[in-house]
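When a residue number appears, it is its place in the shown sequence, counting from 1. In what follows, every heavy atom counts, from backbone to side chain, and hydrogens, waters and symmetry copies are set aside. Since this is a predicted model, take the numbers as computed values, not measurements. For ligands, and for the atoms within them, numbers begin at 1 and follow the listed sequence.
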Amino acid sequence: MIIVGGGLAGLRAAIEASALVDTAVISRVHPLRSHTKAAQGGINAALGNAEGGRDDTPDKHAFDTIKGSDFLADQDAAELMTRMAPGCIFEFEHWGCAFSRTEEGKIAQRPFGGAGFPRTCYGADRTGLYLLQTVYEQSVKRNIKEYLEYFVTSLIIDEASCKGVIALNIRTGELVPIAAKATILATGGAAWTYSISTNSMINTGNGMTIAYRAGMPLKDMEFIQFHPTGLYPNGILITEGARGEGGYLVNAKGERFMERYAPKAMELAPRDIVSRSIQKEIDEGRAFENAYVHLDLRHLGKEKIMTRLPGIREICLLFAGLDPIDKPIPIRPAAHYTMGGIDCNLNCETPLRGLYAAGECACVSVHGANRLGGNSLLDCVVFGKVAGDKAAKFAGSLSGGRDEALIQSFLEREQKRVEAFQKGNGSEEPTALRDDVRLILTQKVGMFRSGTDLEEALKQIRKLRDRFSRLRPISVDKVFNLDLIRTFEVEAMLELGEIITASALARKESRGAHVRLDFPQRDDEHFLKHTLTHYTPEGPRLDYSDVKITRYKPEARKY
Ligand SMILES: Cc1cc2nc3c(=O)[nH]c(=O)nc-3n(C[C@H](O)[C@H](O)[C@H](O)COP(=O)(O)OP(=O)(O)OC[C@H]3O[C@@H](n4cnc5c(N)ncnc54)[C@H](O)[C@@H]3O)c2cc1C
């Protein structure tokens, strides 16, 4: 079987699957360069190790997750994730993951937004790097086959199931089929579709559109998380751990303004609330240079900053020319995370037999309308493990060989697609279309949305899609043809832009990260449901599915 993606979800899946069947990981970059590496603050599990956190339980973690999601998470999925969390963390501990420790030698835990207890396990502010390094070592130990620097462009499917993928070997320029009995997509998120983003430029969501074009619905794509503290002006992430360690948010009048918006939780309210509060301070003229507020860490002292937040200090020194030990950090919200993704169930199965999804590209859904910090790395390790197990068992249950005719026909189809790009049909520059769609999403489909803006955005994105059909000829170079890869990515970003906007326009309520100025209330009667977008050549078709409620009746959120 194959796994597309060498990030945390993909490698965790590979470890599980390789115990049962021959497994290969396909990745466009070396696994250790996957975006997981950038994750800073930590990973949640109700271990009860921290002072003030002894009474924590998986149930309380589930409730915080569901409440944080503004009751759009599937409650059975949240319960499964939080129940499996402690076991998954101990697995990493036994594999040698370099978690920070309490004085008694237990895994240290810090407070994070929207959590009733300090339950975020961390390795200083480099948690993603340490987790990724750990799973990578385990994958090397198991001799898991790797196709590195292969860019997957589409799935091979017959009428009933997924049979593998077509990929571009980036080093040689050759398109190759990679057949498999089961395929897991673990291709990461799409928040780089916004121009102010904490994500790296490979987070274009192309894996989501690969599934979408093959007929898989994308779920809840209107819910884009804006992280409160992107470094001004470039958006590089300053971890929530900085507030978890006690950092304050302060406006140009010197006020700790979170008092106005979340008097109890203050800086540790869920991300949607803190981001909106910061943006309001900016919009209402209480920001520095009308553009940013301060994250002040100075009172934490040098020692705490150097030991708990060394990476943040380095980012500030390198990218803002300031030392947070002496100076406050200028920040503003930045697009950060895709709560939605490829529709899949608790077993990570998509509606297509043999196709599974895990990690940020998937939507099980545990994050609903707003993800809690520290729950995404957890989503990757829990559902990576589940996906690996289920997909491997499915692959192991199949007999029979490859359908060469089918594989050949998909390969030829993809070769024609590349040839069409390379022949060109006009003079449009793909990267110009990419920059435009990123700007439109930021300006019109951002934190505060309105029907008028969304309709305008949809119109403009459709124009860009039309212009995409008149591209200049794309490079025919063979080796590291980034021009060709960018073109695939731009196509995906335009498609996702349309999906995000159409979903946001149809959701006439405010919930979690999705705020409609023209529909400011949450409307459980009409919108306590998941949005599903389906591919049609004319644009996305929308329908809805029920949210699974187990024990927690939706209530108003107060922090
Ligand atoms: C700056 C930052 C900090 C964060 N900090 C935290 C945190 O502290 N706690 C937390 O819980 N969450 C955090 N998150 C979120 C979390 O890090 C991500 O959601 C998570 O790491 C995603 O992991 P993944 O395995 O799904 O994808 P990724 O790690 O992004 O991996 C995707 C993989 O897919 C491959 N790929 C993609 N497309 C293709 C293709 N077409 N063909 C072949 N390969 C492909 C890539 O090469 C890569 O290997 C943070 C996010 C950011 C941006």
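The aromatic rings of F223 and H514 sit perpendicular to each other, their planes meeting at more than 60°, with 30° as the lower class boundary. Ring orientation note: the planes of H294 and Y292 are tilted relative to one another, at an angle of 30° to 60°.
Between the S27 side chain and the H30 main chain, no donor and acceptor come within less than 3.5 Å of each other.
In terms of the salt bridge (charged side-chain N to carboxylate O under 4.0 Å, His left out) criterion, residue partners of E93 (sequence neighbours excluded) are, by chain and number, R101.
For ligand 1, the 4.0 Å heavy-atom shell contains residues V4, G5, G6, G7, L8, A9, I26, S27, R28, V29, S34, H35, T36, A38, A39, Q40, G41, G42, Y150, F151, V152, A186, T187, G188, T198, N199, N206, L237, H336, Y337, G359, E360, R371, G374, N375, S376, L377, C380.
Of the residues N206, V152, L168, the one that meets the side chain to side chain contact (heavy atoms under 4.5 Å, CB included) test with R28 is N206.
Ring pair F92/Y130: centre-to-centre distance not below 6.0 Å.
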